[in-house]
Amino acid sequence: MIHVRFSPSPTGFLHVGGARTALYNWLFARHHGGTFSLRIEDTDRQRSSQEFTEDILEGIKWLGLDWDTGPIFQSQRLELYNRYVEMLLSSDKAYHSEEEGKKAVRFRMPHDALEFKDIIRSTITFDASLIEDFVLRKADGFPTYNFACMVDDAEMRITHVIRGDDHIANTPKQIALYKALGLEPPQFAHLPMILGEDGTRLSKRHGATAVKEYRDLGYLPDALINFIALLGWSPGEDREVVSREEMVKCFTLERVGSTSARFNKTKLDWMNSLYIRQTPAGELLRGLKPFLSSAGVDAEGLEESWLKALAELYRERFKTLQDFFLQTSFFFTEEVEYQPEVVDKFLKGEALTGILQEVYDELSGLEDFRKEALEGCLRRLVERKHIGFGKLAQPLRVAITGRTVSAGIFETMELLGKEKTLKRLSHCLHTFCKAESSPEANLPRA
RNA sequence: GCCCCCAUCGUCUAGUGGCCCAGGAUGCCAGGUUCUCAGCCUGGAGACUGGGGUUCAAAUCCCCAUGGGGGUACCA
């Protein structure tokens with residue numbers, strides 16, 4: 001039976017690197033029908049905090065990685081580590097030391113050559129004589145990382161340690177500890193790091209690095225998971241879009257690469273838009289509503305079917321859930337703001353004024369405001385006027401949306417509704433076209 | 001400084017000695033579809049870090065150099 005764990009230290013938010021480590025452990029456990037445990041390594045009393053612990057747990061939950069046991073907290077297991085310290089002390093494999101008035105227990109590091117097989121890399125060898133006698137128990141009574149990690153891995157019967165390769169240098173120390181205690185070390189798999197877009201270690205200046213930031217920006221957990229999984233792992237056969245279930249099915253550590261990967265937001269955006277396009281509208285709506293609410297829209301007060309139709313209409317156009325409101329905001333407001341440049345380009349000129357007036361007249365006489373009827377009506381109009389449809393569509397789009405890009409004009413009008421559509425058209429005719437057209441004649445008669 | 005790891009298109013990667021004058025994806029460019037944008041379709045440019053070996057044959061194996069990353073804490 002395979003047992004793995006994810007063991008973050010709560011000294012920072014869960015970032016994409018940690019998320020990937022958690023994901024690979026989870027995938028490995030699920031693939032082999034083993035267990036996946038959570039362990040919080042909070043032995044640094046200064047830097048650890050409850051806030052980070054909660055952030056990490058919430059992040060893992062949001063990503064949909066369920067765990068079988070834990071979380072266990074190392075800060076609550078001092079007694080256990082002390083037992084191991086006594087064992088090492090009594091067999092003279094460890095000793096008390098004092099530096100600058102601080103009493104600690106150090107491990108008597110054996111000086112023989114050390115090597116271990118890494119599943120992802122080749123055999124890694126170390127000259128143990130270069131490794132000093134490291135501290136097992138600090139002056140404050142807490143264990144150090146290397147010691148607590150080893151004791152817990154042994155106690156939890158961890159069979160595979162899958163972690164970031166910044167831990168490679170720790171591995172010989174931990175193996176030496178296993179040997180000193182007469183225990184069999186687990187197998188190790190060190191994952192290459194995830195770097196920032198510029199190839200340097202991931203940090204705040206790379207923009208969003210925390211998992212929760214991606215959630216708040218409107219990325220779907222499945223999309224993030226898929227993207228992150230590909231940072232170092234490949235299912236082969238030129239496949240890239242892989243569902244969770246498929247990943248579980250085909251995940252192996254052998255297919256994890258050994259080169260560090262740069263985080264590439266552009267590709268994440270593509271992946272996210274792909275998942276958005278594949279998500280059923282109802283489900284998409286659940287994700288969208290919180291974003292609408294935070295934008296000040298009373299999402300619950302809106303008609304579900306209308307909102308669903310809107311999401312359906314725009315699903316191919318937004319890359320993040322946050323992006324959705326940015327593109328559709330004009331549906332949720334009474335008035336629309338018009339940019340001067342856009343007005344000059346699309347709403348001025350006599351010919352235009354005339355045609356927009358005719359559009360207004362035609363539309364106000366329409367009973368059926370569904371897209372098919374709207375299309376028929378406007379197509380007939382441009383045919384009568386002998387102009388290309390584009391000549392009409394753009395000014396009309398600007399008039400009712402305030403922008404030069406939107407979804408199809410008929411669908412947009414249908415969802416906007418007759419009232420708002422006419423109101424905005426009327427507003428434009430009054431405000432922008434007035435001066436250049438003959439006074440009364442061209443004004444909406446509505 | 002010392003120790004360790006790594007090295008294929010801008011980026012993520014496929015590739016485990018011949019199928020590779022290197023495949024996919026993304027991004028970029030061009031064209032098509034079209035009421036704009038997006039999407040979709042078609043095409044294009046774009047890489048084996050360098051140098052030595054080994055071999056009939058090397059992106060694949062070995063060595064060196066270079067570059068990048070990590071470690072060198074009573075942090076994890």
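All values derive from a computational prediction rather than experimental measurement. Lettering of chains follows the sequences in order, A, B, ..., and the numbering in each one begins at 1.
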| said: What contact category does A:Phe227 fall into here, base, sugar-phosphate, or nothing, at under 4.0 angstrom with non-hydrogen atoms? | reply: nothing

| query | Mind checking the P distance from B:C9 to B:G46? Whole angstroms is fine. | reply | 14 Å

| query | When you look at CZ of A:Arg370, are more than 12 heavy atoms from neighbouring residues, nucleotides or ligands closer to it than 6.0 Å? | reply | no

| request: Give a yes or no on whether a salt bridge exists between A:Glu411 and A:Lys371, defined as a side-chain N under 4.0 angstrom from a carboxylate O. | output: no

| note | The answer to which of A:Arg106 and A:Thr266 contacts RNA chain B further toward the 5' end, by nearest nucleotide, is A:Thr266

| said: Rounding to an integer number of angstrom, what distance separates B:G51 and B:A58 when you compare their P atoms? | reply: 14 Å

| task | Determine the contact category for A:Ser97: base if any of its heavy atoms lies under 4.0 Å from a base atom, sugar-phosphate if only primed atoms, P, OP1 or OP2 are that close, otherwise nothing. | result | nothing

| message | So, using salt bridge (charged side-chain N to carboxylate O under 4.0 Å, His left out) as the criterion, who are the partners of A:Glu132 when residues are at least two apart? | response | none

| request: With a 4.0 Å heavy-atom cut-off, tell me which residues in residues 5-23 of chain A come close to RNA chain B, sorted by residue number. | output: A:Ser9

| When you compare B:C21 with B:U55, how far apart are their P atoms, in angstrom units rounded to a whole number? | 23 Å

| query | Looking across every strand, which nucleic acid part, if any, lies under 4.0 Å from A:Arg239 by heavy atom: base, sugar-phosphate, or nothing? | reply | nothing

| said: Using the side chain to side chain donor-acceptor pair (under 3.5 Å) criterion, which residues pair with A:Asp55? Sequence neighbours excluded. | reply: none

| task | Say whether, by atom type as modelled, one donor and one acceptor occur between the side chain of A:Tyr84 and the main chain of A:Val151 under 3.5 angstrom. | result | no

| task | Anything under 4.0 Å to a heavy atom of chain A counts; send over the first and last such nucleotide of RNA chain B, read 5' to 3'. | result | B:C3 to B:A76

| said: Does A:Arg121 reach a base, just sugar-phosphate, or nothing at all? Heavy atoms under 4.0 Å. | reply: sugar-phosphate

| note | By the Watson-Crick or G-U definition, both distances under 3.5 Å, B:U49 is matched with B:A65

| request: Could you give the distance separating B:G1 and B:C63 at their P atoms, to the nearest angstrom? | output: 22 Å

| Reckon A:Arg137 touches a base, only the sugar-phosphate, or nothing at all at heavy-atom distances under 4.0 Å? | nothing

| field | Nucleotide forming a Watson-Crick or wobble pair with B:A25, both distances under 3.5 Å | value | B:U11

| task | Please work out if A:Arg262 contacts a base, only the sugar-phosphate, or nothing of the nucleic acid, heavy-atom cut-off 4.0 Å. | result | sugar-phosphate

| query | Does B:U16 pair with anything, Watson-Crick or G-U wobble, both distances under 3.5 Å, and if so, with which nucleotide? | reply | none

| What nucleic acid atoms does A:Gln327 come within less than 4.0 Å of, heavy atoms only: base, sugar-phosphate, or nothing? | nothing

| message | Strictly below 4.0 Å, N to O, side chains only: are A:Arg77 and A:Glu155 in salt-bridge contact? | response | no

| field | side chain to side chain donor-acceptor pair (under 3.5 Å): pairs with one or both residues in residues 392-408 of chain A, sequence neighbours excluded | value | A:Ser329-A:Arg403, A:Gln394-A:Arg397, A:Arg397-A:Ser406

| Sidechain N-carboxylate O distance under 4.0 Å for A:Arg39, A:Asp153 | yes

| remark: As its Watson-Crick or G-U partner within any shown strand, both distances under 3.5 Å, B:A58 has none

| query | Taking the nucleotide of RNA chain B with the closest heavy atom to each, which residue, A:Ser260 or A:Thr43, is nearer the 5' end? | reply | A:Ser260

| task | Have a look at A:Gly390 and say if it touches a base, only the backbone sugar-phosphate, or nothing, with a 4.0 Å heavy-atom cut-off. | result | sugar-phosphate

| query | With sugar-phosphate meaning primed atoms plus P, OP1 and OP2, does A:His167 contact a base, only sugar-phosphate, or nothing at under 4.0 Å between heavy atoms? | reply | base

| query | With a non-hydrogen cut-off below 4.0 angstrom, is A:Ala148 in contact with a base, only sugar-phosphate, or nothing? | reply | nothing

| task | Establish, for the pair A:Arg379 and A:Phe389, whether the NZ or CZ atom is under 6.0 angstrom from the six-membered ring centre and no further than 45 degrees off its axis. | result | yes

| message | Students often get this wrong, so: under 4.0 angstrom with heavy atoms, is A:Ala261 touching a base, only sugar-phosphate, or nothing? | response | sugar-phosphate

| request: Just call it for A:Ser273: base, sugar-phosphate, or nothing, with non-hydrogen atoms closer than 4.0 Å on any strand. | output: nothing

| field | Heavy-atom pair with the smallest gap, counting every atom of A:Leu230 and A:Glu240 | value | CD2-O, 3.3 Å

| Between A:Phe325 and A:Phe291, ring centroids under 6.0 Å | no

| message | With a 3.5 Å limit on both atom pairs, tell me what B:G31 is paired to, counting Watson-Crick and G-U wobble, or say none. | response | B:C41

| request: Using a heavy-atom cut-off of under 4.0 Å over every strand shown, decide if A:Ala393 touches base, sugar-phosphate, or nothing. | output: base

| request: Using the P atom as the reference point in each nucleotide, state the distance between B:A30 and B:G67 in Å, no decimals. | output: 38 Å

| said: Taking the basic N atoms (NZ, or NE/NH1/NH2) and the acidic carboxylate oxygens, is any pair closer than 4.0 Å for A:Arg384 and A:Glu362? | reply: yes

| field | Close approaches to RNA chain B from residues 240-258 of chain A, in residue order (heavy atom, under 4.0 Å) | value | A:Glu240, A:Arg255, A:Ser258

| task | Pick the C1' atom in B:C74 and in B:U13, then give their distance to the nearest Å. | result | 43 Å

| message | Considering every strand and a 4.0 Å limit on heavy-atom distances, what is the contact class for A:Ile168: base, sugar-phosphate, or nothing? | response | sugar-phosphate

| task | In whole angstrom, give me the gap between the P atoms of B:G44 and B:A22. | result | 13 Å

| request: Look only at the side chain of A:Arg5 and the backbone of A:Ser37, and say whether a donor-acceptor pair between them is shorter than 3.5 Å. | output: no

| query | If the C1' atom of B:G18 is compared with that of B:C3, how far apart are they to the nearest Å? | reply | 39 Å

| Is it true that A:Phe142 and A:Phe73 have ring centroids separated by less than 6.0 Å? | no

